[in-house]
Amino acid sequence: MQPPALTLAFDSSAHSSAHPPAPCAAQPMNIGVLTFHRCINYGSYWQARLLVEALRNMGHCAVLLDHHSHRVNMAEWRCALQPVLPTPVSPADRTLYAHKTRKFLASIASLPLSRPFALENPQGMEAFDAVVVGSDEVWNLSHPWYGRCPLFFGERIRARRLVAYAASFGNYPAEHGLPQQWASVLHKFQSVSVRDANSRALLGKALGHAPELVLDPCLQFAPPPEPVELHRKSARPPRHVAVYGHNFSDWFAARMREWARKRNMRLVSIGYRNDWADTQWLAAGPEDFARFMADADAVATNFFHGCVFALRNRKPFLCENSAYRAIKIHDLLSALGAQHHLAHAGTPASHCNAVLSEALASSVEARIAALRASSANYLHQALREELDVPARERAHA
């Protein structure tokens, strides 16, 4: 089936005072951003892009550190072609997922990238004034192919200053504790911030102080403006609910179908097959995804970034937890006072209907605004401190 007709503009509210311009750097620096920028994942792509673009808007020369690994590529591409496992993937869907993957690779290639280097042997990495590690699950010891990679913990990075922005341990729980070998290397970072309470608790014990909590780049930074020639002056697209995620519970699917049917709204599943949705848009690229989420009337998700993009676009949304993402979804919604958007099988239908039908609570928007301000201040200060290093060195010379 074809995707719905869509306008090609981001939510104009994202350009309002809720997203103040980034302060310009007093002295531009060469900055590398180290993250999972090659993942075939909408959230990974956009958090990498928005973070590096924000740094460039601050006046810095910023690029994504372009690490390569045959091992990681093979794992990533296998997952991209069958992303809804254990649900079987048909040959026809595999073709569409391959098309989606090619769109991602083209979009990634257009990002500002460093000279390529090997992930496992980064001797070809360029030297930088500062390297910003994050966001994403860069410190997730349980990640199936990036887990325990020394580079993300600061090992063999060629930079005068190491900064972590919105880093996360993903589904690695705080109660497991951080092994000493990883805690010791994280002491190399001059400034550390995380995006969830679980990661904050882990580092509070390992480092002796709790790092600052900041927003994921997809919620922190304004989206890039659309070229004027891409805007359409057509009628508003048909009403639709963005379904983002996969392997939802039967109760959640039934609840969403009933709610949408009563309101004459179509359920459109983007990026992944969900047979209970009215329309499947499996080959959507990252730019398609951002526009689609901005145009949706509501969002149904079990993904962290499904919640994030609903919040950034001020959309009503309902989220079902999933085992892999339970920690980060819970921590995000708790930090914003938005726990009422999280539902389970016992959640009354009346509650779900209200959450999907009402505007985002003003208290949630106020919390986002406060965290945007503190997150922007953290990043500005973490990078500005680099300017003090030569002065301290001269004072002790």
Side-chain angles (χ1 to χ4, degrees), residues 1-11 13 42 83-84 86-90 92-93 96-97 100 232 234-284 288-322 325 329 333 338-361 364:
M1 300 182 70
Q2 293 296 315
L6 298 173
T7 59
L8 292 183
F10 284 95
D11 182 357
S13 66
Y42 299 113
V84 296
T87 302
V89 177
S90 69
D93 280 2
L96 292 172
Y97 289 134
K100 168 187 168 183
R232 295 175 181 172
S234 59
R236 192 184 186 283
R239 301 184 73 201
H240 68 276
V241 178
V243 177
Y244 182 48
H246 58 79
N247 292 317
F248 291 88
S249 298
D250 290 341
W251 71 265
F252 187 89
R255 191 73 53 84
M256 288 306 309
R257 286 187 64 84
E258 180 183 7
W259 183 86
R261 184 175 62 252
K262 288 181 178 179
R263 291 156 182 79
N264 196 30
M265 296 173 67
R266 294 187 64 78
L267 295 162
V268 182
S269 182
I270 185 164
Y272 305 91
R273 174 169 290 280
N274 288 287
D275 286 327
W276 53 273
D278 301 301
T279 302
Q280 312 294 325
W281 191 9
L282 308 188
D288 298 324
F289 173 81
R291 292 190 290 266
F292 174 79
M293 296 298 281
D295 274 330
D297 291 275
V299 175
T301 188
N302 59 3
F303 276 15
F304 173 81
H305 277 104
C307 299
V308 166
F309 272 82
L311 290 161
R312 73 168 290 122
N313 290 301
R314 300 175 178 175
K315 305 294 182 181
F317 71 99
L318 189 68
C319 178
E320 177 192 17
N321 241 335
S322 60
R325 302 168 183 87
I329 288 175
L333 299 183
Q339 302 96 315
H340 55 290
H341 289 271
L342 190 60
H344 54 81
T347 303
S350 58
H351 177 87
C352 297
N353 294 343
V355 166
L356 286 164
S357 304
E358 298 171 358
L360 198 64
V364 174

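In what follows, every heavy atom counts, from backbone to side chain, and hydrogens, waters and symmetry copies are set aside.
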Trainee: How far does CZ of Phe304 sit from CG of Asn321, to the nearest 0.5 angstrom?
Mentor: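 Those atoms lie 12.0 Å apart.
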Trainee: Measure across Glu320 and Leu342 and return the closest heavy-atom pair with its distance rounded to 0.1 Å.
Mentor: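 What the structure gives for the nearest pair is C-CD1, 4.3 Å.
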Trainee: Of the non-hydrogen atoms in Leu360 and Arg314, which two are nearest, and what is the gap between them?
Mentor: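 Leu360 and Arg314 have their closest heavy atoms at CD2-CA, 4.2 Å.
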Trainee: Are Tyr42 and Phe292 near enough that their ring centres are under 6.0 Å apart?
Mentor: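 For Tyr42 and Phe292, the ring centres are not under 6.0 Å apart.
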Trainee: Quick check against the 3.5 Å criterion: does Arg273 have a side-chain atom that pairs as donor or acceptor with the backbone of Val84?
Mentor: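 Answer holds: no.
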Trainee: Can you list every pair that meets side chain to side chain donor-acceptor pair (under 3.5 Å) and has a residue in residues 299-309, with sequence neighbours left out?
Mentor: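 Every side chain to side chain donor-acceptor pair (under 3.5 Å) pair that includes a residue of residues 299-309, provided the two are not neighbours, is Gln47-His305, Asp216-His305.
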Trainee: Rounded at 0.5 Å granularity, tell me how far CZ in Arg239 sits from CZ in Arg266.
Mentor: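 Taking CZ in Arg239 and CZ in Arg266, the distance rounds to 13.5 Å.
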Trainee: Supply the atom-to-atom distance Phe252 CZ to Arg257 CZ, rounded to the nearest 0.5 angstrom.
Mentor: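 Here the rounded value is 13.5 Å.
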Trainee: For Asp250, check salt bridge (Lys or Arg N to Asp or Glu O under 4.0 Å) against everything at least two apart and list the hits.
Mentor: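 Asp250: no salt bridge (Lys or Arg N to Asp or Glu O under 4.0 Å) contacts found.
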Trainee: Looking at residues at least two apart in the chain, or sitting in another chain, which of them share a side chain to side chain donor-acceptor pair (under 3.5 Å) with Asn274?
Mentor: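 In terms of side chain to side chain donor-acceptor pair (under 3.5 Å), with neighbours along the sequence ignored, Asn274 is linked to Ser269.
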Trainee: Could you work out, with side chain to side chain donor-acceptor pair (under 3.5 Å) as the rule, every residue matching Arg255, not counting sequence neighbours?
Mentor: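 With sequence neighbours excluded, Arg255 shows a side chain to side chain donor-acceptor pair (under 3.5 Å) to no residue whatsoever.
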Trainee: Got a sec, which residues hit salt bridge (Lys or Arg N to Asp or Glu O under 4.0 Å) with Arg325, two or more places apart in sequence or on another chain?
Mentor: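 With sequence neighbours excluded, Arg325 shows a salt bridge (Lys or Arg N to Asp or Glu O under 4.0 Å) to no residue whatsoever.
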Trainee: Does the side chain to side chain donor-acceptor pair (under 3.5 Å) test come out yes or no for Asn247 and Thr87, once each step is laid out?
Mentor: CA-CA 7 Å; Asn247 292 317; Thr87 302; 2.5 Å; yes
Trainee: Give every residue pair that meets the side chain to side chain donor-acceptor pair (under 3.5 Å) criterion with at least one member in residues 341-357, sequence neighbours excluded.
Mentor: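 Matches after skipping sequence neighbours: Trp259-Ser357.
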Trainee: Measuring from Leu333:CG to His340:NE2, what's the distance to the nearest 0.5 Å?
Mentor: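 Between atom CG of Leu333 and atom NE2 of His340 there are 9.0 Å.
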Trainee: If you round to the nearest 0.5 Å, how far is CD1 of Ile329 from CD of Gln339?
Mentor: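 One finds 13.5 Å between CD of Gln339 and CD1 of Ile329.
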Trainee: For the residue pair Pro316 and Asp297, what are the closest heavy atoms and their distance?
Mentor: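 Residues Pro316 and Asp297, closest heavy atoms: CD-O, 3.4 Å.
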Trainee: Would Tyr244 and Phe289 count as a close aromatic pair, with their ring centres under 6.0 Å?
Mentor: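 So the answer is yes for these two rings.
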Trainee: Can you measure from OH (Tyr272) to CH2 (Trp281) and round to the nearest 0.5 angstrom?
Mentor: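 Nearest 0.5 Å value for the OH-CH2 distance: 14.5 Å.
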Trainee: Using the rule given for side-chain contact (heavy atoms from CB on, under 4.5 Å), can you reason through Phe309 versus Lys315, listing the C-alpha separation, both sets of side-chain angles and the distance that settles it, and then say yes or no?
Mentor: CA-CA 8 Å; Phe309 272 82; Lys315 305 294 182 181; over 6 Å; no
Trainee: Do Asp278 side-chain atoms and Leu267 backbone N/O form a donor-acceptor pair below 3.5 Å?
Mentor: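 Pair found, side chain donor or acceptor close to backbone of Leu267.
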Trainee: May I ask you to decide if Gly271's main-chain N or O and Lys100's side chain share a donor-acceptor pair within less than 3.5 Å?
Mentor: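 The answer is yes, because a donor-acceptor pair under 3.5 Å joins these two groups.
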Trainee: Is the shortest heavy-atom distance from the side chain of Met256 to the side chain of Trp276 under 4.5 Å?
Mentor: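 Yes, side chains in contact.
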Trainee: So do Phe303 and Val308 actually touch side chain to side chain, heavy atoms under 4.5 Å?
Mentor: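 No; the side chains remain at least 4.5 Å from each other.
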Trainee: Can you find a pair of side-chain heavy atoms, one from Val89 and one from Tyr97, that are under 4.5 Å apart?
Mentor: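 The answer is yes, as the side chains (C-beta and beyond) meet within the 4.5 Å cut-off.
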Trainee: Just by distance, do the side chain of Ser90 and the backbone of Asp93 share a donor-acceptor pair under 3.5 Å?
Mentor: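 Indeed, once roles are kept as given, a pair shorter than 3.5 Å links the two residues.
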